[in-house]
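Everything below concerns the one structure shown next.
In this text the structure is predicted, and so the values were computed from the model without any measurement.
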There are 2 protein chains.
Amino acid sequence: MKISTRGQYGVRAMIVLAQHEAEGPMSIKVIAAKQGLSHSYLEQLLAPLRRAGLVRSVRGPVGGYHLAARPEEITVGDILRVLEGPLAPVECVEEPSQGLCDYESACPARTVWAKIRDSVQEVVDSISLKDLVESSGQVEG
Amino acid sequence: MKISTRGQYGVRAMIVLAQHEAEGPMSIKVIAAKQGLSHSYLEQLLAPLRRAGLVRSVRGPVGGYHLAARPEEITVGDILRVLEGPLAPVECVEEPSQGLCDYESACPARTVWAKIRDSVQEVVDSISLKDLVESSGQVEG
DNA sequence: GATAAAACCGAGTGTATTTGTCGGGTTTAG
DNA sequence: CTAAACCCGACAAATACACTCGGTTTTATC
């Protein structure tokens with residue numbers, strides 16, 4: 001039941017972008033330094049986020065990344081789905097619907113997994129980047 | 001964000017034990033057959049469940065396992081904590097308290113992880129084996 | 001136009017975890 | 001005494017994770 005570093009770092013990077021939204025594009029180098037992350041690895045996370053339309057990139061010198069929408073329009077769920085895949089604790093309750101367990105059609109355990117899934121989704125979909133930037137005292141740096 | 005097969009199989013095995021509670025100890029062989037699991041692997045899951053006091057074993061011929069408490073007293077959370085470890089999406093929000101992130105003391109992302117943790121725990125701690133046995137049509141077999 | 005900073009891309013790599021298997025030992029009912 | 005069951009530790013294949021590396025393309029600035 002762990003979120004991998006992809007999801008963790010991705011959320012942290014997006015928070016940084018939200019915090020410095022007004023300052024124009026921010027380079028991978030700067031984001032990585034602010035969060036103590038590897039440049040190359042962070043690069044691998046921003047690529048899918050860009051393809052998913054959550055951030056936009058500007059190439060060339062003084063380029064970098066900025067949010068593709070306002071902070072209140074981007075949720076933690078959006079980020080985690082891109083970097084972690086389906087937010088379901090087991091395959092058989094992924095959406096769009098995976099098949100039932102092959103062993104028996106009425107699987108009592110399945111209801112548990114579905115409830116966990118719904119519960120997690122409700123949490124992450126209800127938290128926007130704006131919420132996170134506001135709740136934290138504005139971080140300097 | 002996945003639950004490993006340990007947790008999945010463990011919950012399924014415990015449901016089987018709850019369903020046949022009245023019939024005396026059930027052997028690993030029978031449980032494994034009912035759920036289509038490997039005998040050896042299931043054996044590895046029942047050992048920690050026994051040490052944690054969730055099941056009791058009876059040795060010798062016609063031995064096997066049975067629940068150590070009534071189905072309404074054993075929750076899915078109890079089972080998952082034994083087989084999956086702490087029910088926290090990232091280390092820094094595990095209980096008893098792990099240290100904060102080493103990078104900055106005020107980590108906005110941390111509040112997200114804590115909410116996910118609480119949400120998952122509330123779900124799994126509120127579902128007992130009794131709930132699962134009742135909700136499913138009584139499975140024959 | 002040259003330079004350099006930055007995004008972009010794909011492949012590769014070492015480690016850790018997962019998901020089991022296997023073999024042997026111990027307990028115990030019949 | 002023996003078979004059935006639990007008990008224990010080693011081991012192995014497969015997968016996922018967490019990066020690293022080298023090179024290409026784009027583009028502001030000198």
Side-chain angles (χ1 to χ4, degrees), chain A residues 1-13 17 20 23-68 80 82-86 88-91, chain B residues 1-13 17 23-68 80 82-86 89-91:
Chain A
M1 268 314 262
K2 288 285 185 282
I3 292 177
S4 73
T5 57
R6 283 174 62 88
Q8 292 179 46
Y9 296 175
V11 169
R12 284 163 57 187
L17 290 184
H20 300 84
E23 307 165 22
M26 179 178 289
S27 70
I28 292 178
K29 191 177 168 185
V30 172
I31 302 171
K34 277 187 192 301
Q35 288 289 317
L37 305 177
S38 140
H39 177 284
S40 310
Y41 193 39
L42 180 56
E43 192 179 358
Q44 282 198 343
L45 309 183
L46 286 168
L49 290 173
R50 181 180 56 80
R51 284 192 288 270
L54 298 185
V55 297
R56 272 199 274 270
S57 64
V58 179
R59 303 184 71 160
V62 305
Y65 289 89
H66 58 95
L67 299 182
L80 291 180
V82 169
L83 295 173
E84 294 278 318
V90 312
E91 265 193 23
Chain B
M1 267 317 260
K2 288 285 185 282
I3 293 175
S4 73
T5 58
R6 281 174 63 89
Q8 292 179 45
Y9 296 175
V11 168
R12 284 163 57 185
L17 289 184
E23 306 165 20
M26 178 178 291
S27 71
I28 290 180
K29 190 176 170 185
V30 172
I31 303 171
K34 278 186 191 301
Q35 288 288 319
L37 305 178
S38 138
H39 177 283
S40 309
Y41 193 39
L42 180 56
E43 197 178 357
Q44 283 195 347
L45 308 183
L46 285 167
L49 290 173
R50 182 184 56 79
R51 284 192 288 270
L54 297 185
V55 298
R56 272 199 273 269
S57 65
V58 179
R59 307 185 67 157
V62 306
Y65 288 88
H66 58 95
L67 299 182
L80 290 180
V82 169
L83 295 174
E84 294 278 317
V90 312
E91 264 192 23

Next on the checklist: Here's a test for you: under side-chain contact (heavy atoms from CB on, under 4.5 Å), which of A/V55, A/V62, A/V58 qualifies with A/P25?
Outcome noted: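 Of the listed options, the one satisfying the test is A/V58.
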Checklist entry - Given A/S4 and A/Y9, is the side chain to side chain donor-acceptor pair (under 3.5 Å) satisfied, shown in steps? => result CA-CA 9 Å; A/S4 73; A/Y9 296 175; over 6 Å; no
Checklist entry - Going through the distances and angles, do B/S27 and B/Y65 end up as a side chain to side chain donor-acceptor pair (under 3.5 Å)? => result CA-CA 6 Å; B/S27 71; B/Y65 288 88; over 6 Å; no
Next on the checklist: Test your reading of the model: is there a side-chain donor-acceptor pair from A/Q8 to the backbone of A/I3, 3.5 Å cut-off?
Outcome noted: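 Checking the backbone N and O of A/I3 against the side chain of A/Q8, a donor-acceptor pair under 3.5 Å is found.
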Item to check | Under 3.5 Å donor-acceptor, A/E84 side chain and A/G7 backbone | outcome: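 Yes; judged by distance alone, with no hydrogens or angles, the pair exists.
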Next on the checklist: Of the options C/dC8, C/dG25, C/dA5, whose atoms approach the side-chain atoms of A/S57 most closely?
Outcome noted: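 Out of C/dC8, C/dG25, C/dA5, the nucleotide with an atom closest to A/S57's side chain is C/dC8.
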Next on the checklist: For chain A and DNA chain D, what are the first and last nucleotides along the strand, 5' to 3', with at least one atom under 4.0 angstrom from a heavy atom of the protein chain?
Outcome noted: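 Range of nucleotides touched by chain A: D/dA18 to D/dA28.
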Next on the checklist: Return a single string for nucleotides 9-20 of chain C, one symbol per nucleotide in 5' to 3' order, where B is base contact, S is sugar-phosphate-only contact and - is none, cutoff 4.0 angstrom on heavy atoms.
Outcome noted: B-B-------SB
Checklist entry - By salt bridge (Lys or Arg N to Asp or Glu O under 4.0 Å), which residues pair with A/K2, not counting sequence neighbours? => result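 Applying salt bridge (Lys or Arg N to Asp or Glu O under 4.0 Å) to A/K2 gives B/E94.
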Next on the checklist: Minimum heavy-atom separation for B/R56 and B/A68, please, with both atom names.
Outcome noted: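 Closest approach of B/R56 to B/A68: NH2-O, 3.4 Å.
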Checklist entry - When the distance from OH of B/Y65 to C1' of C/dT27 is rounded to whole Å, what number comes out? => result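 About 13 Å, once rounded to whole Å.
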Next on the checklist: Once you apply a heavy-atom cut-off of 4.0 Å, does A/L46 come out as touching a base, just sugar-phosphate, or nothing?
Outcome noted: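 Contact class for A/L46: none.
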